[in-house]
Amino acid sequence: MGKLTYLSHSAWLIESGKHTIAIDPFLEGNPMAALKPANVKADFIVVTHAHGDHLGDAIPIAKASNGTIISNFEIVNYVTAQGAKGHPMHIGGAHEFPFGKVKLTPAWHGSSFPDGSYGGTPAGVVLSVEGKNIYHTGDTGLFSDMRLIGEMTPIDIFLVNIGDNFTMGIDDAVKAVEFVQPKLTIPMHYKTFDVIDVNPQEFVSKVKAKGFEVKLLEVGETLEF
Ligand code: NI
Ligand code: MN
């Protein structure tokens, strides 16, 4: 049994029996976040790309928890230069960690650091934890190879961005669900800023109309899987 908690935006906490994994822990400066970085302890921190709303507080959380940042090669070079532990990977590669497997998937987006320096290629991530496969899209536009990701690894929980402007909007995210064929979909990356303030209920209705299971998680809400 694992636990998945929504920290708002694209930030999640996954608890397995023994380990805690944070994804894209953007808390400081995030108007939706209920937790401060000091309240988050994580053994591993997955960072999909270098933008400030995803790299977020990964470095201070990793340092305070003695945790390891899992990301692309360029981001791991950046965080290790600042004293955090890191494990570099890249698109298409998978690795077995103590909590389960991590595979980086493509994402159509950018990945510069807040200071403008190069953050490598943006990624999505498939995590296999407690026998379940969780696909976090990162920030991305729609691409039909999402179908391949779902074929190679049957997805139990699909964490998909719906906020539009920077990423897929609602209709493209519905098409992504049809490509991935997940058992359960949960939307993310909406409402945090005015420009991504879409109505998640519209997404829920449209996904249900296609015959897929979908759930909205409130900030701080936990789902057992
Ligand atoms: Ni981004
Ligand atoms: Mn973003």
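Order of listing sets the numbers, starting from 1, for every ligand and every atom in it. Only heavy atoms go into these numbers, but all of them, side chains included; no hydrogens, no water, no symmetry mates.
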Subject >> the Ni ion (ligand 1) - name of the N/O/S atom of Asp139 that sits closest to it >> reply: OD2

Original post:
Taking just the N, O or S atoms of His51, which one is nearest to the Ni ion (ligand 1)?
Top reply: ND1

**OP:** Kindly report the NE2-the Ni ion (ligand 1)-NE2 angle for His109 and His49 respectively, rounded to 10°.
**Re:** 100°

Original post:
Would Ile162 end up clustered with Phe212 when hydrophobic side chains under 4.5 Å apart are linked, directly or stepwise?
Top reply: yes

Original post:
Any ion pair linking Lys36 and Glu28 (charged N to carboxylate O, less than 4.0 Å)?
Top reply: yes

Original post:
Aromatic ring centroids of Phe97 and His87 under 6.0 Å?
Top reply: yes

Original post:
How are the rings of His49 and His54 set to each other: parallel, tilted or perpendicular (split at 30° and 60°)?
Top reply: tilted

Subject >> Identity of the N, O or S atom of Asp139 lying closest to the Mn ion (ligand 2) >> reply: OD2

Original post:
With the Mn ion (ligand 2) as the point of reference, which N/O/S atom of His54 is the closest?
Top reply: NE2

Original post:
At the Mn ion (ligand 2), what is the angle formed between atom NE2 of His189 and atom OD2 of Asp53, rounded to the nearest 10°?
Top reply: 100°

Original post:
After noting the C-alpha distance and the side-chain angles of Thr80 and Ile69, does the key distance pass the side chain to side chain contact (heavy atoms under 4.5 Å, CB included) rule?
Top reply: CA-CA 9 Å; Thr80 52; Ile69 294 176; over 6 Å; no

